[in-house]
Amino acid sequence: MPNIAIELGRISSQLGVNASYGEPQDVDGEKIIPVAATWSGFGGGSDEAGNGGGGGGGFTAPVGAYVRRDGALRFEPNLIALLAVGIPFVWVAGGALRKIIRALKK
């Protein structure tokens with residue numbers, strides 16, 4: 001059985017910047033570099049008898065792209081992804097703020 005730690009290290013070395021920034025693409029004469037927010041996690045274990053296992057998972061959300069036009073580079077956000085992330089964030093932050101204000105009033 002292969003060493004789980006080595007296998008997880010091999011898999012996780014391909015994540016990070018490579019998962020967050022895509023390969024540059026040329027679209028209608030403009031260079032586009034896609035950008036994503038990524039999360040991943042891995043785990044594993046074994047016992048004294050040599051029985052073991054591991055697993056992992058991840059999530060990727062497109063957040064926008066860097067676009068080069070006329071020699072200028074700028075970031076263009078993916079508005080749908082920002083709304084999908086922003087609405088739950090505002091809801092949670094509002095609930096936390098409400099609890100803080102109630103605690104301060106007491």
Side-chain angles (χ1 to χ4, degrees):
M1 181 168 138
N3 188 336
I4 294 173
I6 293 174
E7 285 296 312
L8 289 175
R10 183 184 61 76
I11 292 169
S12 65
S13 69
Q14 299 170 4
L15 300 175
V17 173
N18 293 335
S20 296
Y21 296 95
E23 293 294 321
Q25 304 290 321
D26 285 322
V27 178
D28 294 332
E30 298 174 351
K31 188 168 285 249
I32 297 174
I33 301 171
V35 180
T38 61
W39 296 269
S40 61
F42 297 95
S46 63
D47 60 12
E48 292 80 24
N51 300 318
F59 175 76
T60 301
V63 295
Y66 284 104
V67 179
R68 181 178 298 275
R69 281 192 197 121
D70 304 323
L73 182 68
R74 68 180 197 160
F75 181 76
E76 294 186 4
N78 178 346
L79 297 178
I80 295 172
L82 289 176
L83 285 174
V85 171
I87 291 171
F89 174 75
V90 169
W91 184 73
V92 169
L97 185 60
R98 181 184 54 181
K99 289 181 181 182
I100 291 170
I101 291 172
R102 283 186 183 169
L104 292 174
K105 282 184 178 181
K106 290 182 181 184

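Keep in mind that the numbers below use all heavy atoms, side chains included, and drop hydrogens, waters and symmetry copies.
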Next item on the list: Would you indicate whether the side-chain heavy atoms of Val90 and Pro88 approach each other to under 4.5 Å?
Entry: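 Sidechains of Val90 and Pro88: no contact.
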Check: Is there side-chain contact between Thr38 and Thr60, with heavy atoms separated by less than 4.5 Å?
Finding: yes
Check: Under 4.5 Å between side-chain heavy atoms, hopping through other hydrophobics if needed: is there a path connecting Val67 to Val27?
Finding: yes
Check: Under a 4.5 Å side-chain heavy-atom rule over Ile, Leu, Val, Met, Phe, Trp and Tyr, are Val35 and Ile32 clustered together?
Finding: no
Notebook entry, point to check: Checking Asp70 side chain against Ala72 main chain: does a donor-acceptor pair fall under 3.5 Å?
Noted result: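 Between the backbone of Ala72 and the side chain of Asp70 there is no qualifying donor-acceptor contact (under 3.5 Å).
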Check: Do any N or O atoms from the side chain of Glu76 and from the backbone of Arg74 form a donor-acceptor pair under 3.5 angstrom?
Finding: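 Answer holds: no.
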Checklist line | Leu104 side, atom CG; Lys99 side, atom NZ - distance, nearest 0.5 Å | finding: 14.5 Å
Note to self: With rounding to the nearest 0.5 angstrom, report the CZ to NZ distance, Arg69 to Lys31.
What the structure shows: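 Result: 14.5 Å between the selected atoms.
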Notebook entry, point to check: So which heavy atom on Phe75 is nearest to which on Val63, and how close?
Noted result: CZ-O, 3.6 Å
Notebook entry, point to check: Heavy-atom count around Leu83 CG within 6.0 Å, excluding the residue itself: above 12?
Noted result: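 Enclosed: over 12 neighbouring heavy atoms sit under 6.0 Å from CG of Leu83.
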